[in-house]
Amino acid sequence: GGMGVNKAVWAVAHRIARLIWKVLHQKVHYIEQGPLAMDALAMKRRVARLSRQMRKIGYTIEVKPVAATTA
């Protein structure tokens, strides 16, 4: 099940193209809503959902805070 990689890439590209069109033609102000805009619970839910989706297609992901890693 799920969406193929090509289909997903085109879906994202289409979304970005629509966003750019809106900004240019309708003078819409665009403010990036990055991870910091999300509350902790929403972030946990998103991570859990993405993790499940990755498992479905045969991958496992390890989630750890960037601050905890020392380079």
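All figures in this text were calculated on a predicted structure; none of them were measured in a lab.
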Which residues end up grouped with W21 if you chain together Ile, Leu, Val, Met, Phe, Trp and Tyr wherever their side-chain heavy atoms are less than 4.5 Å apart?
none
Taking only residues two or more places apart in sequence, or in another chain, which ones meet V9 in a side chain to side chain contact (heavy atoms under 4.5 Å, CB included)?
V5
Anything under 3.5 Å between a donor and an acceptor, one on a side chain of residues 48-59, the other on a protein residue two or more places apart or in another chain? List them.
none

If the condition is side chain to side chain contact (heavy atoms under 4.5 Å, CB included), which residues does K22 pass it with, not counting sequence neighbours?
Q26, V28
Filter on side chain to side chain donor-acceptor pair (under 3.5 Å), then keep only pairs touching residues 3-12, sequence neighbours left out; what's left?
none
Under the ring pair (Phe, Tyr, Trp, His ring centres under 6.0 Å) rule, collect the residues that match up with H14, sequence neighbours excluded.
none
Should side-chain heavy atoms under 4.5 Å link Ile, Leu, Val, Met, Phe, Trp and Tyr, which residues sit in the same cluster as L24?
V12, I16, I20
